[in-house]
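Take a look at the structure below.
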Amino acid sequence: MAVSGIVLVLFLIAHMLGNLKVFAGAASFDGYAHWLRDIGKPALPGVWFLWILRAGLVVAVVAHIWAATVLALRARAARPVQYAHRKKIQGSYAARTMRWGGVIILLFVIYHLLDLTTGHLNPVGDPTRPFANVVADFAPERWYVTLFYTVAVVALGFHLRHGMFSALRSLGQQTPGGERRARAVALGFAVVICAGFLVVPFAVLTGLVS
């Protein structure tokens with residue numbers, strides 16, 4: 001769970017930073033997208049680097065889901081008989097919705113790939129014009145796409161907040177002061193990632209990027 005989570009978090013950071021190049025203009029963003037396709041040349045032909053990256057991400061996602069399932073089954077097996085009476089345990093919203101958030105994120109990733117990777121669901125769908133694809137995707141008349149994107153990113157934020165907090169606690173932040181620091185760091189990280197991803201669609205939606 002931890003190793004696959006780290007891999008996915010590193011990808012999210014890199015992906016977010018790449019997305020922000022949209023504010024540098026069409027030429028800069030398109031150049032960055034084409035550069036990604038050329039990484040590894042001539043040692044790697046075509047877009048092999050991207051396919052290797054995608055394969056690695058698929059492995060990380062499958063491993064993350066598998067680990068979550070195994071942990072859930074172990075937790076259930078540890079208490080085969082339900083408590084006759086169990087007090088409610090205070091927990092964060094992120095912790096209580098971790099699994100549903102994961103489902104929302106997974107569905108969004110599938111849509112996102114069909115939209116901005118393969119182009120099947122994009123109004124432009126031209127792999128040689130990634131900037132135009134982004135602008136067409138989040139155009140005002142396609143507000144529902146921005147809404148779905150926002151819901152998915154917010155779900156991702158809750159997921160990251162809980163995951164980061166749990167990781168910091170596992171690394172030794174067990175004191176009351178350590179718990180407060182872990183909560184602050186986890187919340188700050190989740191907010192930065194969410195803001196970094198959401199600023200692009202809303203910039204297009206409001207006409208700041210066109």
Side-chain angles (χ1 to χ4, degrees), residues 1-20 22 53-78 88-117 121 134 137-138 143-174 178-203 205:
M1 177 71 81
V3 172
S4 58
I6 290 171
V7 171
L8 295 172
V9 165
L10 291 176
F11 168 74
L12 284 174
I13 294 172
H15 188 33
M16 179 194 72
L17 294 175
N19 285 355
L20 294 176
V22 76
L53 177 63
R54 289 164 182 164
L57 290 173
V58 168
V59 171
V61 169
V62 171
H64 205 65
I65 295 173
W66 173 80
T69 303
V70 169
L71 290 174
L73 292 175
R74 285 181 182 176
R76 184 174 299 177
K88 290 185 177 180
I89 300 175
Q90 282 291 89
S92 68
Y93 179 80
R96 294 195 301 271
T97 59
M98 198 69 169
R99 293 172 191 169
W100 284 112
V103 172
I104 293 173
I105 295 167
L106 179 61
L107 292 176
F108 171 74
V109 167
I110 294 172
Y111 171 83
H112 194 56
L113 291 173
L114 293 173
D115 180 16
L116 290 174
T117 300
L121 300 179
V134 172
D137 197 36
F138 299 114
W143 58 268
Y144 48 89
V145 174
T146 301
L147 177 61
F148 181 36
Y149 190 94
T150 302
V151 171
V153 170
V154 170
L156 174 65
F158 280 118
H159 205 83
L160 288 173
R161 178 191 172 196
H162 179 69
M164 179 67 73
F165 172 72
S166 298
L168 292 173
R169 293 281 285 170
S170 297
L171 290 173
Q173 297 294 331
Q174 299 290 337
E179 181 177 349
R180 288 192 296 271
R181 287 191 295 272
R183 289 189 184 280
V185 170
L187 177 61
F189 178 74
V191 168
V192 169
I193 294 296
C194 286
F197 275 106
L198 289 178
V199 69
V200 173
F202 279 96
L205 183 68

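Note that the structure is a prediction, hence the values are computed from the model and not measured.
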State the [atom1]-[atom2] distance between [X] and [Y], to the nearest 0.5 angstrom.
X: Leu106; Y: Ile110; atom1: CG; atom2: CD1; value: 4.5 Å
X: Leu156; Y: Arg161; atom1: CG; atom2: CZ; value: 14.0 Å
X: Asp137; Y: Leu121; atom1: CG; atom2: CG; value: 9.0 Å
X: Phe11; Y: Ile13; atom1: CZ; atom2: CD1; value: 11.5 Å
X: Trp143; Y: Thr150; atom1: CH2; atom2: OG1; value: 11.5 Å

Q.
A side-chain contact here means heavy atoms from C-beta on lying under 4.5 Å apart; do Phe138 and Thr146 qualify?
A. yes

Q. Who pairs with Asp115 by salt bridge (Lys or Arg N to Asp or Glu O under 4.0 Å), at least two apart in sequence or on another chain?
A. none

**Q.** Listed partners of Arg181 passing salt bridge (Lys or Arg N to Asp or Glu O under 4.0 Å), at least two apart
**A.** none

Work out which heavy atom in [X] is nearest to a heavy atom in [Y]; give both atom names and the distance.
X: Met1; Y: Leu71; value: CE-CD1, 4.0 Å
X: Val7; Y: Ala60; value: CG1-CB, 3.9 Å
X: Phe165; Y: Ala186; value: N-CB, 3.6 Å
X: Met164; Y: Phe189; value: CE-CD2, 3.6 Å

Q: Enumerate the residue pairs fulfilling side chain to side chain donor-acceptor pair (under 3.5 Å) with a member in residues 185-196, sequence neighbours excluded, ordered by first and then second residue.
A: none

Q: Can you tell me which residue pairs pass the side chain to side chain donor-acceptor pair (under 3.5 Å) test with a partner in residues 4-17, sequence neighbours excluded?
A: Ser4-His64

Run the side-chain contact (heavy atoms from CB on, under 4.5 Å) test against [X] and tell me which residues pass, sequence neighbours left out.
X: Val153; value: Tyr149, Cys194, Phe197, Leu198
X: Thr117; value: Arg54, Leu113
X: Ala155; value: Ile104, Ile105
X: Val70; value: Trp66, Arg74

Q.
Students often mix this up, so state it plainly: with edges at 30° and 60°, are the rings of Phe108 and Tyr111 parallel, tilted or perpendicular?
A. tilted

Q.
List the residues meeting side chain to side chain donor-acceptor pair (under 3.5 Å) with Asn19, not counting sequence neighbours, and say none if there are none.
A. none

